[in-house]
Amino acid sequence: MGFADQRFNVNLSILFTELPLLERPAAAAAAGFTAVELWWPWIDSPTPEQSELDALKKAIEDAGVQLTGLNFYAGQLPGPDRGALSVPGEESERFRANIDVAIAFAGSLGCTTFNALYGNRVDGVDPAEQDALALENLMLAARAVGQVGGTVLIEALNQPESPKCPIVSAPAAIEIMDKVNEATGLGNAKFLMDLYHLSMNGEDLPSVIESYAARTGHVQIADNPGRGAPGTGSLPLEELLDQLKKAGYDGWVGLEYKAGDRPSAEAFDWLPREARAAR
């Protein structure tokens, strides 16, 4: 097996960021990839002008790549925020306003997979209040996504880099996922297994895969330490992806790593060009 047997996409919110947003899909295509994913690109607006949405749609279509995943509005990301849906007040309202916009934009490109980042704890707010709000907003998202046959992803981040986020372990993400599915009865909330974040938490990755592969809707990778390309750290990513595949996971593997001090186009030497196009 190995890397050549996986379906990879490139996260254009962390790779090719040396280029303007509208140039990144073509850059990914030039590097040999046929699929991409994105964090919500308009960090200041959950409801950008239609012209902005149309321009990004055209850039993706003109590049000939497939959009396979999109984050809902998540606040300042990259930046201090880790999501908006559990944050009372304006941020929660922004998340809600974004749901239909994100679904419509992604749907116009054939994408029905959405990452819903939980958000940080807020000083002076009861965690139980935030968790109740989060469940309410995740139910809204799951029901809206369910109308297009889609999936809502629940991602565990890592405690060292996201100390105010409460979802910093695989079991914590699974618990939220189960609550959403129980509340909606739809079963369309799934686990986003980011092997970098889980490794930063010190979790036993083979055990996580064994326990949760069947409930995983998406996988993301970066090496550790450093969050660089496979081979720049010490994680046995090829073996871990093989284990996932043997466990029945046949979805996308998002390349969500940093290129370092080189152009992003040079950060894929670990993956033969013939293995980059989706199969």
Side-chain angles (χ1 to χ4, degrees), residues 1-19 24 27-28 31-33 35-39 68-69 71 77-79 82 115 117 153 155-163 165 167-170 173 191-213 216-247 249-278:
M1 298 177 73
F3 287 137
D5 288 320
Q6 307 296 331
R7 287 198 299 159
F8 292 107
N9 64 40
V10 177
N11 189 306
L12 297 181
S13 298
I14 193 169
L15 285 159
F16 295 108
T17 55
E18 66 270 28
L19 299 173
R24 296 176 203 170
F33 293 94
V36 299
E37 64 181 31
L38 282 162
W39 303 341
T68 59
N71 283 20
L77 185 73
R82 295 295 185 270
N115 186 15
L117 288 172
L153 300 171
E155 180 178 11
L157 302 182
N158 74 77
Q159 201 279 332
E161 294 175 331
S162 304
C165 180
I167 313 302
V168 288
S169 72
F191 179 40
L192 195 166
M193 185 185 293
D194 186 310
L195 296 177
Y196 168 75
H197 287 316
L198 299 178
S199 71
M200 283 286 288
N201 289 326
E203 296 186 63
D204 183 330
L205 298 183
S207 294
V208 169
I209 291 171
E210 182 180 357
S211 297
Y212 304 127
T216 296
H218 186 46
V219 172
Q220 291 174 334
I221 63 169
D223 215 331
N224 190 22
R227 200 174 185 176
T232 60
S234 58
L235 288 184
L237 289 168
E238 196 163 17
E239 296 174 19
L240 293 167
L241 293 180
D242 279 350
Q243 183 188 350
L244 267 162
K245 203 165 190 69
K246 290 174 183 175
Y249 179 75
D250 61 357
W252 295 98
V253 176
L255 303 181
E256 198 184 56
Y257 60 78
K258 298 177 181 178
D261 57 0
R262 53 184 170 169
S264 296
E266 298 176 11
F268 304 108
D269 50 359
W270 58 276
L271 184 63
R273 190 175 181 89
E274 59 271 16
R276 298 177 190 177

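In this chain, numbering begins with 1 at the start of the sequence shown.
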**Q** Would you mind reporting whether Leu255 and Phe33 have side-chain heavy atoms less than 4.5 Å apart?
**A** yes

**Q** Could you tell me whether the side chain of Tyr249 and the main chain of Val219 form a donor-acceptor pair under 3.5 Å?
**A** yes

**Q** Taking side chain as C-beta onward, heavy atoms only, is Leu15 less than 4.5 Å from Tyr257?
**A** yes

**Q** To the nearest 0.5 Å, what is the distance between CG (Asn115) and CG (Asn71)?
**A** 4.5 Å

**Q** Short question: side chain of Glu37, backbone of Gly254 - any donor-acceptor pair under 3.5 Å?
**A** no

**Q** Using atom types as modelled and distance alone, determine if a side-chain donor or acceptor of His218 lies under 3.5 Å from a backbone N or O of Trp252.
**A** yes

**Q** Among Asp242, Ile221, Val253, which residue meets the side chain to side chain contact (heavy atoms under 4.5 Å, CB included) test with Leu237?
**A** Ile221

**Q** Does some side-chain heavy atom of Asp223 sit less than 4.5 Å from a side-chain heavy atom of Trp270?
**A** no

**Q** Just by modelled atom types, is the Phe3 backbone N or O under 3.5 Å from a matching donor or acceptor in the Glu238 side chain?
**A** yes

**Q** Short question: side chain of Glu18, backbone of Ser264 - any donor-acceptor pair under 3.5 Å?
**A** yes

**Q** Are Glu203 and His197 close enough, and set up right, to give a side chain to side chain contact (heavy atoms under 4.5 Å, CB included), and what steps lead you there?
**A** CA-CA 9 Å; Glu203 296 186 63; His197 287 316; over 6 Å; no

**Q** Considering all heavy atoms of both residues, which atom of Ala267 and which atom of Ala229 are nearest to each other, and what is their separation?
**A** O-CB, 3.8 Å

**Q** Please round to the nearest 0.5 Å and tell me the distance separating atom CG of Asn11 and atom CZ of Arg24.
**A** 9.5 Å

**Q** What is the distance from atom NZ of Lys246 to atom CG of Asp5, rounded to the nearest 0.5 Å?
**A** 10.5 Å

**Q** Return yes if some donor-acceptor pair links the side-chain N/O of Gln220 with the main-chain N/O of Leu192 below 3.5 Å, else return no.
**A** no

**Q** Does the pair Glu155 and Ile167 meet the rule for a side chain to side chain contact (heavy atoms under 4.5 Å, CB included), with working shown?
**A** CA-CA 8 Å; Glu155 180 178 11; Ile167 313 302; over 6 Å; no

**Q** How many angstroms lie between CG in Leu240 and CG in Leu205, if you round to the nearest 0.5 Å?
**A** 5.5 Å

**Q** If I compare all heavy atoms of Ala170 with all of Phe191, which pair ends up nearest, and what's the gap?
**A** CB-CZ, 3.8 Å

**Q** Tell me the closest heavy-atom pair linking Tyr196 and Ala222, and the distance in Å.
**A** CB-O, 3.6 Å

**Q** Atom OG1 in Thr216, atom CG in Asp194: separation rounded to 0.5 Å?
**A** 11.5 Å

**Q** Counting only heavy atoms not in Glu210, do more than 12 fall under 6.0 Å of its CD?
**A** no

**Q** Is it the case that the side chain of Arg276 and the backbone of Ala31 share a donor-acceptor pair, with hydrogens and angles ignored and the cut-off at 3.5 Å?
**A** yes

**Q** Write down the atom of Val168, the atom of Ser162, and the distance for their closest heavy-atom approach.
**A** CG1-O, 4.0 Å

**Q** When rounded to the nearest 0.5 angstrom, what is the spacing between CG in Leu241 and CZ in Arg7?
**A** 13.0 Å

**Q** Taking side chain as C-beta onward, heavy atoms only, is Met193 less than 4.5 Å from Leu244?
**A** yes

**Q** Answer yes if the side chains of Trp39 and Glu256 hold a donor-acceptor pair under 3.5 Å, and no otherwise.
**A** yes

**Q** Got a donor-acceptor contact below 3.5 angstrom from the Arg82 side chain to the Leu117 backbone?
**A** no

**Q** Minimum heavy-atom separation for Ser169 to Leu198, with atom names?
**A** C-CD2, 4.5 Å

**Q** Using modelled atom types and a 3.5 Å cut-off, is there a donor and acceptor pairing between side-chain atoms of Ser234 and backbone atoms of Asn224?
**A** yes

**Q** Main chain of Asn201, side chain of Asn158: is a donor-acceptor contact present, judged purely on distance under 3.5 Å?
**A** no

